[in-house]
4 protein chains.
Amino acid sequence: MQPKRELTFTEGARRAQIVKAAIETIAEVGYGGASFARIAKRAGLSSPGLISYHFADKDELIGEVVANVYGTGSEQIRLRADHPMSSAAALLAFVEGSVAFYDSHRVHMRALVQIIHGYPQARERWVDRANDAELDGIEQVLTRGQRDGEFRDDFVPRVVAVLIRDQLSGALQRLLTTPDLDVASYTRELVTFCRLAVENRDTSRSSDV
Amino acid sequence: MQPKRELTFTEGARRAQIVKAAIETIAEVGYGGASFARIAKRAGLSSPGLISYHFADKDELIGEVVANVYGTGSEQIRLRADHPMSSAAALLAFVEGSVAFYDSHRVHMRALVQIIHGYPQARERWVDRANDAELDGIEQVLTRGQRDGEFRDDFVPRVVAVLIRDQLSGALQRLLTTPDLDVASYTRELVTFCRLAVENRDTSRSSDV
Amino acid sequence: MQPKRELTFTEGARRAQIVKAAIETIAEVGYGGASFARIAKRAGLSSPGLISYHFADKDELIGEVVANVYGTGSEQIRLRADHPMSSAAALLAFVEGSVAFYDSHRVHMRALVQIIHGYPQARERWVDRANDAELDGIEQVLTRGQRDGEFRDDFVPRVVAVLIRDQLSGALQRLLTTPDLDVASYTRELVTFCRLAVENRDTSRSSDV
Amino acid sequence: MQPKRELTFTEGARRAQIVKAAIETIAEVGYGGASFARIAKRAGLSSPGLISYHFADKDELIGEVVANVYGTGSEQIRLRADHPMSSAAALLAFVEGSVAFYDSHRVHMRALVQIIHGYPQARERWVDRANDAELDGIEQVLTRGQRDGEFRDDFVPRVVAVLIRDQLSGALQRLLTTPDLDVASYTRELVTFCRLAVENRDTSRSSDV
DNA sequence: AATGAATGAGTGTTCATTCAT
DNA sequence: TATGAATGAACACTCATTCAT
């Protein structure tokens with residue numbers, strides 16, 4: 001988890017600058033188009049060689065980019081399964097928070113998506129773990145909701161967890177594709193969608209949430 | 001819309017052969033890895049130059065690939081809004097059919113997804129139009145369902161249409177990512193998801209679907 | 001032993017031209033200095049890329065260079081152990097022939113030496129086998145000569161074979177280092193050197209060679 | 001010949017440290033692979049720039065390396081032409097001593113050989129002079145031996161001197177190439193080789209060596 | 001005396017594309 | 001129609017060297 005050695009202040013700043021330029025470049029021209037030359041130009045560096053000076057190779061740079069994106073979002077949208085709110089509230093807050101994060105970090109998210117598609121190793125190296133953790137969180141909330149009678153008990157939690165996760169994937173794609181999307185109403189419908197899909201219609205029980 | 005000139009039979013066959021090889025290659029190694037050399041090798045051509053001979057440039061080849069993929073799927077999963085079935089049945093059949101198509105055409109769909117991410121221009125050039133048409137179809141069914149009282153009347157059809165479309169995007173991602181997915185149960189939950197989300201809960205009406 | 005596929009006439013000519021330029025370049029500036037750019041310039045090619053077009057990578061080019069050098073020399077200096085001459089005559093003819101070959105192929109030999117030192121894999125990949133074969137040949141002649149009483153019987157054939165082989169190495173170095181060496185007298189002394197070193201001084205026997 | 005300015009103690013130590021690391025690095029990865037970065041890492045320096053700080057350029061560093069290697073060996077294996085031993089004894093002691101030195105200084109010698117091949121200018125700049133001095137020494141001993149009747153008088157001293165020098169080259173190559181060589185028996189045969197090759201067969205004289 | 005950041009030329013290799021045959 | 005040879009720009013990455021601090 002710790003970097004191999006301490007970074008000087010200058011080095012840290014340069015790396016951050018390069019990572020930022022890499023994110024923007026990848027978001028704009030895709031992973032394949034994001035050459036060191038283009039990234040260097042965007043970062044205002046004199047030479048692509050400077051990137052190689054600060055990063056061992058392209059893989060390390062991309063790893064840093066991914067870490068940066070995940071690091072930015074990790075806490076803002078984490079599921080609060082331990083929170084004293086109802087399972088439904090926790091789930092819907094997660095969905096809403098995720099979309100809000102995607103919306104406010106479109107460039108970061110676009111870069112991440114581009115990397116996943118353009119650099120297949122990225123998935124197994126960095127992405128899968130984060131996705132699995134997210135899925136686990138959703139599954140736990142769903143299971144708790146079923147146990148408490150908030151949610152229908154006729155679905156398999158893991159399957160529905162995957163489904164919700166995929167819906168967020170779909171929402172992300174939309175956000176990246178449709179710049180002028182009415183995010184508010186989209187989010188409202190999405191949350192309703194999820195609520196209706198999982199809630200227990202047995203009114204005698206679902207009302208006491 | 002019309003090709004500049006008539007194609008001879010041989011020429012058409014060659015183009016089809018190249019397009020097929022391009023689809024397989026892109027699906028396998030991504031857009032970035034699908035060089036003319038690799039495509040030519042897979043197609044059994046003697047030289048990458050032959051591709052340039054039959055297609056003006058890479059853009060034209062990719063355009064043909066996209067057209068081919070859309071052409072393959074267009075009829076199999078078109079929404080039958082004019083069909084004498086209930087709106088709910090039509091919608092769910094569309095969702096189910098779409099996933100089934102994705103499942104049975106993973107190579108085509110993977111190529112399409114790779115192109116969208118690796119060649120950003122592809123979206124505005126070819127993809128957006130097809131997506132809009134699909135959205136229009138879904139919207140019409142939703143509107144009809146609301147009018148007929150099958151569906152809740154408290155959602156904006158276009159927004160929910162987008163939402164459903166995006167769910168299919170998410171499902172496609174899942175299919176391409178998880179080769180051994182239990183497609184049957186995934187589809188079942190997805191259809192249930194959509195049904196619960198749009199149906200009118202007023203039992204006196206929703207029961208006769 | 002056979003190339004993977006037939007080469008066209010043009011391709012064969014180009015490869016030969018490139019190999020020739022590579023040999024000259026390596027001989028002149030060493031393995032490390034022999035970049036594709038320099039080789040291409042010497043061969044009159046428009047771009048270093050053309051070398052990559054004809055050879056899979058630098059390793060293949062170097063392999064061809066080594067093969068070319070060995071191919072050129074293989075028959076001219078092979079030891080004729082089966083020849084109906086005395087062992088001493090065979091040995092000395094081999095020594096003399098080797099030096100003559102080195103002398104007349106200084107550029108080739110210089111390239112070979114440079115490769116051996118600049119590209120360590122070359123040794124185990126291509127060189128060791130040839131050297132071993134050469135050593136085996138010398139050893140056989142020495143053994144035969146001992147059996148027939150031509151040579152002293154108080155040396156271990158393999159050790160002296162190595163020694164003679166190394167003397168040829170030293171002679172090669174000299175040839176490459178001293179352009180105006182008096183090769184004739186050098187060779188004469190070298191042959192004498194070897195003869196005196198191995199011959200049996202028992203005059204009753206050594207006189208009838 | 002003189003350094004431009006006096007070196008401080010610290011500076012001298014640093015240069016020595018760098019030269020040592022350079023020798024080891026060159027011996028290990030060859031001249032081509034011995035970048036300032038690698039040398040600096042082996043020397044435990046913080047930056048390759050420090051090498052440039054202490055040496056004007058790579059040429060100066062290599063010059064120092066060569067000087068160091070020659071300096072190490074110069075006294076240990078110098079021919080003692082003025083020594084009160086027979087010429088044959090002096091010659092054979094020189095041969096034996098040279099091989100022993102090579103054997104005990106393989107790293108130094110390997111570095112030297114690598115430099116000679118990887119940096120062609122090295123020969124004329126530093127190596128040739130040393131070699132000529134060595135040759136002169138051998139030639140003197142040979143001449144003396146001929147005059148005294150110890151050696152055959154039918155060879156040209158300079159030519160045979162070159163020949164013996166070259167045999168040492170060959171022996172060095174062998175040592176560097178064959179790590180597990182039986183040095184003792186190799187040396188014994190080599191000495192015998194040389195003795196037989198130069199000694200005067202007139203038994204009345206050659207026996208009293 | 002030393003550091004670490006920076007530079008720009010150079011490395012082998014791949015690319016889409018062109019063109020004579 | 002098709003081939004295979006050729007082109008030159010681009011790729012990630014390494015190099016010896018410089019320089020402000």
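Here is the naming used below: chain letters follow the sequence lines, and residue numbers restart at 1 for every chain.
Among K20(C), K58(C), R15(C), the one residue that satisfies the salt bridge (Lys or Arg N to Asp or Glu O under 4.0 Å) test with E64(C) is R15(C).
Residue F36(A) is in sugar-phosphate contact alone, with no base atom involved, counting any heavy-atom pair closer than 4.0 Å across all strands shown. If you check every strand for non-hydrogen atoms under 4.0 Å, S35(A) touches sugar and phosphate atoms only.
Closest to the K58(A) side chain, of the nucleotides dA2(E), dA12(F), dA5(E), is dA12(F). When the nucleotides dA2(F), dA5(E), dC11(F) are ranked by their closest atom to the side chain of E11(A), dA5(E) comes out on top. Side-chain proximity of Y53(B) to dA1(E), dA5(F), dT1(F): nearest is dT1(F). In the set dG8(F), dG4(F), dT17(F), dG8(F) carries the atom at the smallest distance from any side-chain atom of S47(C).
Atom CZ of R125(D) has more than 12 neighbouring heavy atoms from other residues, nucleotides or ligands inside a 6.0 Å radius. Within 6.0 Å of the CZ atom in R106(B), the count of heavy atoms belonging to other residues, nucleotides or ligands exceeds 12.
We find that E28(A) and R42(A) are joined by a salt bridge, their nearest charged nitrogen and carboxylate oxygen being less than 4.0 Å apart.
Figure legend. dA10(F) is base-paired to dT13(E); pairs are counted as Watson-Crick or G-U wobble with both atom distances under 3.5 Å. Searching all strands for a Watson-Crick or G-U wobble partner of dT21(E) with both distances below 3.5 Å returns dA2(F).
We find that CD1 of I51(D) is positioned 10 Å from C1' of dA16(F), with the value rounded to whole Å.
When each of G49(C) and L50(A) is assigned the nucleotide of DNA chain F bearing its nearest heavy atom, the one mapping closer to the 5' terminus is G49(C). For R14(A) and A37(B), each mapped to the nucleotide of DNA chain E holding its nearest heavy atom, the one lying further toward the 5' end belongs to R14(A). Each of P48(A) and T10(C) was matched to the nucleotide of DNA chain F holding its nearest heavy atom; the match closer to the 5' end belongs to T10(C).
Judged by distance alone, with hydrogens and angles left aside, S46(B) brings no side-chain donor or acceptor close enough to the base of dG4(F) to form a pair under 3.5 Å.
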